[in-house]
Amino acid sequence: MQPGSSMEIVDGAKVRFIRNTEFVGNFYIMGCFVLWKGIYVKNGELEMLGVTISDAETAVHLSQDATATLRDNTFLTVTMYAFITMTLDMST
């Protein structure tokens, strides 16, 4: 990823990053020397299993209408692993 770049999952899109265990090695999403922004899920769905994310400001940012499954991942040199935007209804 380039410095300051990001991935955006929007409008009901479903994206899966899953490490293939048949091959030796890991699934990497990483920057080059300077931090990239991260993965933003806005009204979409992310599934990430066995992935290494490196050099991100926020590895995964979930908006209120987003869903995510994050399992067995590694986060290296990231400022924040996950940021979740949510609204609480305190009216009752």
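Positions are given from 1 along the sequence. Fair warning: this is a prediction, and the values are worked out from it, not measured in the lab. Just the heavy atoms: all of them, side chains too, but no hydrogens, waters or symmetry mates, feed the values below.
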So Val51 and Ile29, do their side chains get closer than 4.5 Å, heavy atoms only? yes
For the hydrophobic clusters of this structure (ILVMFWY residues joined by side-chain heavy atoms under 4.5 Å, transitively), does one cluster hold both Phe17 and Leu49? no
Under 3.5 Å, side-chain donor or acceptor atoms of residues 38-47 against the rest of the protein: list the pairs with distances, not counting sequence neighbours.
residue : atom : partner : partner atom : Å
Glu47   : OE1  : Arg16   : NE           : 2.8

Output the distance between atom OG1 (Thr52) and atom CG (Asn73), rounded to the nearest 0.5 Å. 7.5 Å
Atom NE2 in His61, atom CD in Glu8: separation rounded to 0.5 Å? 10.5 Å
Side chains of Val60 and Thr58 in contact at under 4.5 Å (non-hydrogen atoms): no
Apart from Leu35 itself, residues in the same hydrophobic cluster as defined by side-chain heavy atoms under 4.5 Å: none
